[in-house]
Protein chains: 2
Amino acid sequence: MKKFIPILKSTKLFAGVTEDEIAAMLSCLDARLGEYQKGEYVFREGEHLNHITVLISGELHIQRDDYWGNRTIINRIAVGEMFGEAYIAPESGALLNDVLAVEDSTVIFFDVRRIITVCSSACRFHSMVVQNLFFAISEKNKALIRKLGHISKRTTREKLISYLSEEAKRRNSANFTIPFNRQQLADFLSVDRSAMSNELCKMRDDGLIEFEKNQFRLL
Amino acid sequence: MKKFIPILKSTKLFAGVTEDEIAAMLSCLDARLGEYQKGEYVFREGEHLNHITVLISGELHIQRDDYWGNRTIINRIAVGEMFGEAYIAPESGALLNDVLAVEDSTVIFFDVRRIITVCSSACRFHSMVVQNLFFAISEKNKALIRKLGHISKRTTREKLISYLSEEAKRRNSANFTIPFNRQQLADFLSVDRSAMSNELCKMRDDGLIEFEKNQFRLL
DNA sequence: ATAAATCGGTTGTATTTACAACGGAAAAGA
DNA sequence: TCTTTTCCGTTGTAAATACAACCGATTTAT
């Protein structure tokens with residue numbers, strides 16, 4: 001577990017906490033390791049969570065498959081990001097989505113109650129982590145609102161423009177690589193893959209964008 | 001301001017805090033009153049927030065109008081609920097939506113920093129409010145995920161079923177009244193009003209639902 | 001090295017949707 | 001009360017989308 005401390009230090013959850021302090025907290029927060037192969041589910045819809053999950057390596061998708069097999073990718077968890085903040089309330093109920101490892105992944109679980117209940121020693125770094133968690137949920141909230149902004153657009157083209165513009169803005173460059181393949185992007189934007197693929201090409205023909213594989217350029 | 005204390009006591013933010021304690025906190029949290037007429041904007045997209053807003057009376061819509069006049073209703077704030085939790089982080093940036101009073105409304109603003117910075121006296125109720133805020137953001141997070149579930153459905157009928165089913169489940173009854181008129185519901189589900197109206201009637205003809213005005217019944 | 005699976009683009013068709021326009025009923029305002 | 005506005009359903013048409021099916025290229029597995 002100790003070898004992951006440098007990675008933990010770089011996460012939003014432990015921002016401003018030293019490696020020594022993190023080491024001290026590992027047992028305090030009942031940290032446990034989890035390893036998942038590509039294609040394995042970390043959690044399934046309907047489960048009850050008691051842990052905050054921090055991704056150490058790999059990649060996770062928060063997603064949901066409906067009765068007819070239509071998949072919706074709610075969100076994507078990259079290395080250093082976390083999952084489960086929406087379920088910290090005691091009566092927060094069952095998990096609304098599946099959590100899938102789309103790459104071989106390593107995660108660390110932290111006991112929620114131990115995080116939000118300030119420990120007896122009332123350590124400085126503990127309250128720091130609570131505040132970090134606070135801001136992280138808040139930030140995820142905004143990410144969801146931004147995502148709503150994309151998929152509430154009426155046409156596929158508008159959805160694509162909305163998404164790609166934001167990515168460009170976020171990376172601060174008209175050139176960027178997206179973390180989705182075509183099917184995943186379609187699932188993320190809630191559209192049909194082939195129709196989306198088609199629209200992407202039309203947008204290229206119209207001189208709006210250029211792309212090759214997952215690399216895009218806005219014109 | 002004091003006359004609103006009973007209402008504040010019933011909100012999620014002040015759950016478990018006595019009226020006396022709330023009274024003591026009002027100045028501590030720099031509480032300020034705001035009144036808005038139906039149709040007035042409480043906030044506009046692009047503003048920077050420093051306050052948590054609690055709705056005392058009336059109703060608010062969190063929404064966004066795009067360049068072409070298409071409106072998206074992100075969320076609805078009912079009496080006792082709050083807004084602004086997603087913007088508590090210091091570097092959380094500008095407001096992503098408008099906040100509109102859809103009825104004559106009264107709100108109370110609380111200074112964010114004073115909430116999340118535990119006051120020198122480290123009062124019991126203050127830490128209670130912090131935890132309440134924690135859970136409230138968490139809950140709002142889930143509300144957004146549920147909403148994503150609705151509008152990521154492919155057809156208007158599926159969106160309606162998804163939304164109506166959840167309402168029925170939430171009210172624990174197949175009979176319920178929704179808080180939107182047709183145009184608002186369409187804006188909430190990101191579909192065209194007339195097409196949605198049409199689909200609702202088809203669903204009635206198909207024996208799936210009954211409705212009159214805003215009152216619905218699932219069959 | 002070969003086979004198998006994944007991925008991205010293309011096409012045609014049936015379905016669904018947006019959009020515009022209209023009218024009657026109900027509600028709000030004068 | 002009378003007028004005006006809002007609300008909701010209806011219709012027709014053009015546009016956009018989902019869906020299925022297919023293919024070549026690339027990647028992955030054996």
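Chain A is the first sequence line, chain B the second, and so forth, proteins listed ahead of strands; every chain is numbered from 1.
- Using a 4.0 Å heavy-atom cutoff across all strands shown, B:Asp192 reaches at least one base atom of the nucleic acid.
- Taking the six-membered ring where the residue is Trp, the centroids of A:Phe180 and A:His61 are separated by under 6.0 Å.
- Contacts of B:Ser197 with the nucleic acid, taken as non-hydrogen atoms under 4.0 Å apart, include base atoms.
- Nearest to the side-chain atoms of A:Asn70 among the listed nucleotides C:dG8, D:dC19, D:dA16 stands D:dC19.
- One interatomic measurement links the two molecules: CD1 of B:Ile161 to P of C:dT16, which rounds to 12 Å at whole-angstrom precision.
- Rounded to whole Å, the distance from CD on B:Gln184 to P on D:dC8 is 9 Å.
- What separates CG of A:Leu189 from P of D:dA16 is a distance of 18 Å, to the nearest Å.
- Not one N or O on the side chain of B:Arg64 forms a donor-acceptor pair closer than 3.5 Å with the backbone of B:Arg71.
- Contact of A:Arg193 with C:dG9 (side chain to base): a donor-acceptor pair of N or O atoms is detected under 3.5 Å.
- Atom CG of B:Asp104 is separated from atom P of C:dA28 by 13 Å (rounded to the nearest Å).
- As a whole-Å value, the separation of B:Lys153 NZ from D:dT17 C1' is 18 Å.
- Both B:Lys213 and A:Val191 sit near DNA chain D, but only B:Lys213 has its closest nucleotide nearer the 5' end.
- Summary of the strand contacts: B:Thr156 and A:Arg182 both lie near DNA chain C, and taking for each the nucleotide with the nearest heavy atom, the more 5' one is attributed to A:Arg182.
- Panel note: side chain A:Ser152, backbone B:Thr72; no donor-acceptor pair is recorded below 3.5 Å.
- Here the side chain of B:Cys201 is nearest to one of D:dG9, D:dC19, C:dC7, namely D:dG9.
- Across all strands shown, A:Ser194 has heavy atoms under 4.0 Å from base atoms, whether or not it also approaches the sugar-phosphate.
- Look at CZ on A:Arg154: it is 14 Å from C1' on C:dT16, rounded to the nearest Å.
- One finds no side-chain N or O of A:Asn198 lying less than 4.0 angstrom from the OP1 or OP2 phosphate oxygen of C:dT10.
- A:Met196 has its CE atom 16 Å from the C1' atom of D:dA16, to the nearest Å.
- Rounded to the nearest 0.5 Å, atoms CD1 (A:Ile22) and CE (A:Met1) are 12.5 Å apart.
- With a 6.0 Å cutoff to the six-membered ring centre and a 45° limit on the axis angle, A:Lys159 does not count as a cation-pi contact of A:Phe188.
- A straight line from CZ of B:Phe180 to C1' of D:dC7 spans 17 Å, rounded to a whole angstrom.
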